[in-house]
Amino acid sequence: MDLTYTDYLFVEELLALQKPRSDPVEHDELLFIVVHQAYELWFKLLLHELDKVKADFVAGRTYPAISTFKRVRTIMKVAVEQVDIVETLTPMSFNSFRDRLDKASGFQSSQFREMEFLLGYKRAEMLKHQKAGTPGYEQLVKRLNEPSVVDSFYTYLAHHGVTIPEQLKTRDVTLPTQPDETVEEGILRLYKSQPDLEILFELMTDFDEGLQEWRYRHIKLVERTIGSKRGTGGSLGVEFLKRSLFHPVFPDLWAIRHRL
């Protein structure tokens, strides 16, 4: 039998995965489920692409890294636009099925936490919000203990003659990324001497800005929907989300903007 579109994409199985819990079914619950399932698919693709970025950086491959950063920044733009769809839910319509979520919360998305770890925003305490022994938990532990995209970026910069301080080469990879003045001086030199690297650095900054934009839109979405309430399942709500709002992935790229 010839392969069909439906078979290749497992469309029938995919469309069977949306199972509203409200009874009778609230009209808006399907929208809520579809959008969040779509987010998980985008997170899966972002993880896939960012792993490629790590490999490109370690191998010193500039143009493949440029191509991939074009892709991931575009995915982030789509993720931001999806917030517009969720915002068509009014607080009243969300509250019509919110109690059916029980303890389930986007706060528990292991793939989003994995993406944060992969990008260098590592917080070991976030593991306590995942169920130990699950595949998601084990993947987070793995990400916590391996070099991040930023660590691989240091290797890339070293390929281009940037001095990477010894404390960065030997640092505890389970800790979050911190800016470094020596690295910043090296990036500044490359900005001014190699136009192809300028393109890469700007795409990295675009992606970083896109992730911060998504955080902001997500915060405002939660705030307009539930206000200052705690999230579903007792998650920490808006105030917790605000803590990471202006936490850049590539702090060294932002630190030199005024000198370019």
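Owing to the predicted nature of the structure, the values given are computational and were not obtained by experimental measurement. Index from 1, following the sequence. The analysis underlying the following values was restricted to heavy atoms, covering all of them including side chains, and did not include hydrogens, waters or symmetry mates.
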E49 vs K52, test: salt bridge (charged side-chain N to carboxylate O under 4.0 Å, His left out). Steps then yes/no.
CA-CA 5 Å; E49 299 295 344; K52 178 183 177 297; 6.0 Å; no
Verify same cluster id: L30, Y39 (apolar side-chain graph, 4.5 Å):
no
Test side-chain contact (heavy atoms from CB on, under 4.5 Å) on Y154 and D252 and set out the steps.
CA-CA 11 Å; Y154 295 149; D252 296 310; 4.3 Å; yes
Measure up the H160 and Y156 rings against each other and bin them: parallel (under 30°), tilted (30 to 60°), perpendicular (over 60°).
tilted
In terms of hydrophobic clustering (I, L, V, M, F, W, Y; side-chain heavy atoms under 4.5 Å; direct or indirect links), are L144 and V173 co-clustered?
no
Over all heavy atoms of both residues, which pair between S110 and L140 is shortest? Give the atoms and the distance, please.
O-CD2, 3.9 Å
Give a yes or no on whether Q167 atom CD has more than 12 heavy-atom contacts from other residues, nucleotides or ligands under 6.0 Å away.
yes
Atom pair CD/NE2 of Q82 and H36 - distance to nearest 0.5 Å:
9.5 Å
If the threshold is 4.0 Å, N to carboxylate O, is there a salt bridge linking R217 and E87?
yes
Check against salt bridge (charged side-chain N to carboxylate O under 4.0 Å, His left out), R257 and E202
CA-CA 11 Å; R257 310 310 294 181; E202 285 300 292; 2.7 Å; yes
Examine F112 together with W42 and report whether their ring centres are nearer than 6.0 Å.
no
Say whether, by atom type as modelled, one donor and one acceptor occur between the side chain of K122 and the main chain of R143 under 3.5 angstrom.
yes
Report the C-alpha distance between F69 and D206 in whole Å, list the side-chain angles of each, state the deciding distance to 0.1 Å, and finish with yes or no for side-chain contact (heavy atoms from CB on, under 4.5 Å).
CA-CA 9 Å; F69 266 107; D206 282 348; over 6 Å; no
Look at the side chain of D208 and the backbone N and O of T205, then say whether any donor-acceptor pair between them is shorter than 3.5 Å.
no
If you count the non-hydrogen atoms of other residues, nucleotides and ligands that lie under 6.0 Å from CD in E181, is the total more than 12?
no
Using the rule that Ile, Leu, Val, Met, Phe, Trp and Tyr join whenever any side-chain heavy atoms are under 4.5 Å apart, tell me whether W214 and V78 fall into a single cluster.
yes
Might you confirm whether atom NZ of K142 has over 12 heavy atoms from other residues, nucleotides or ligands at distances under 6.0 Å?
yes
From CZ (R71) to NE2 (H48), nearest 0.5 Å
7.5 Å
Just wondering, more than 12 heavy atoms not from Y191 lying within 6.0 Å of its OH?
yes
Go through the structure and list residues passing side chain to side chain contact (heavy atoms under 4.5 Å, CB included) with E81, not counting sequence neighbours.
none
Going from CG on L200 to OG on S67, what distance comes out if it is rounded to the nearest 0.5 angstrom?
11.5 Å
Within this structure, what is the CG-OG1 distance for the pair L197 and T62, rounded to the nearest 0.5 Å?
5.5 Å
As a quick check of understanding, evaluate salt bridge (charged side-chain N to carboxylate O under 4.0 Å, His left out) for R259 and E185, giving each step before the final call.
CA-CA 10 Å; R259 299 174 62 191; E185 290 299 323; 2.6 Å; yes
NZ or CZ of R123 within 45° of Y121 ring axis and under 6.0 Å:
yes
Could you walk me through whether K220 and Y216 pass side-chain contact (heavy atoms from CB on, under 4.5 Å), step by step?
CA-CA 6 Å; K220 300 312 291 184; Y216 173 77; 3.6 Å; yes
What are the two closest heavy atoms between P165 and D180, and how far apart are they?
CG-OD1, 3.4 Å
Does S152 reach the main-chain N or O of S148 with its side chain, forming a donor-acceptor pair under 3.5 Å?
yes
Please check this pair: side chain of D172 against backbone of T174, looking for a donor-acceptor N/O pair closer than 3.5 Å.
yes
Is it true that a side-chain atom of Q111 and a backbone atom of E40 form a donor plus acceptor pair closer than 3.5 Å?
yes
Output the distance between atom CG (L118) and atom CG (L46), rounded to the nearest 0.5 Å.
9.5 Å
Does the salt bridge (charged side-chain N to carboxylate O under 4.0 Å, His left out) test come out yes or no for K54 and D151, once each step is laid out?
CA-CA 9 Å; K54 280 181 62 175; D151 293 310; over 6 Å; no
Could you walk me through whether I164 and V162 pass the side-chain contact (heavy atoms from CB on, under 4.5 Å) test, one step at a time?
CA-CA 6 Å; I164 306 299; V162 175; 4.0 Å; yes
Transitive ILVMFWY cluster of L15 at side-chain heavy atoms under 4.5 Å: who else is in it?
L3, Y5, Y8, L9, V11
Answer yes or no: is there a donor N or O on one side and an acceptor on the other, between the side chain of Q37 and the main chain of L17, under 3.5 Å?
yes
Counting C-beta onward and ignoring hydrogens, is there a side-chain heavy-atom pair between V149 and V249 closer than 4.5 Å?
no
Do M76 and I85 sit in one hydrophobic cluster, given that two such residues count as connected whenever their side-chain heavy atoms are within less than 4.5 Å of each other, even indirectly?
yes
Do Y63 and I199 sit in the same hydrophobic cluster, where Ile, Leu, Val, Met, Phe, Trp and Tyr count as joined when their side-chain heavy atoms come under 4.5 Å apart?
yes
Could you check whether the rings of F250 and F153 sit parallel, tilted or perpendicular, using 30° and 60° as the cut-offs?
perpendicular
Here the pair of heavy atoms bringing P179 nearest to E184 is CB-OE2, 3.6 Å
So that I can tick it off, tell me whether E116 and R215 are bridged by a salt bridge, with the cut-off set at under 4.0 angstrom between side-chain N and carboxylate O.
yes
So CG of L47 and CD of Q139: to nearest 0.5 Å the spacing works out to 8.0 Å
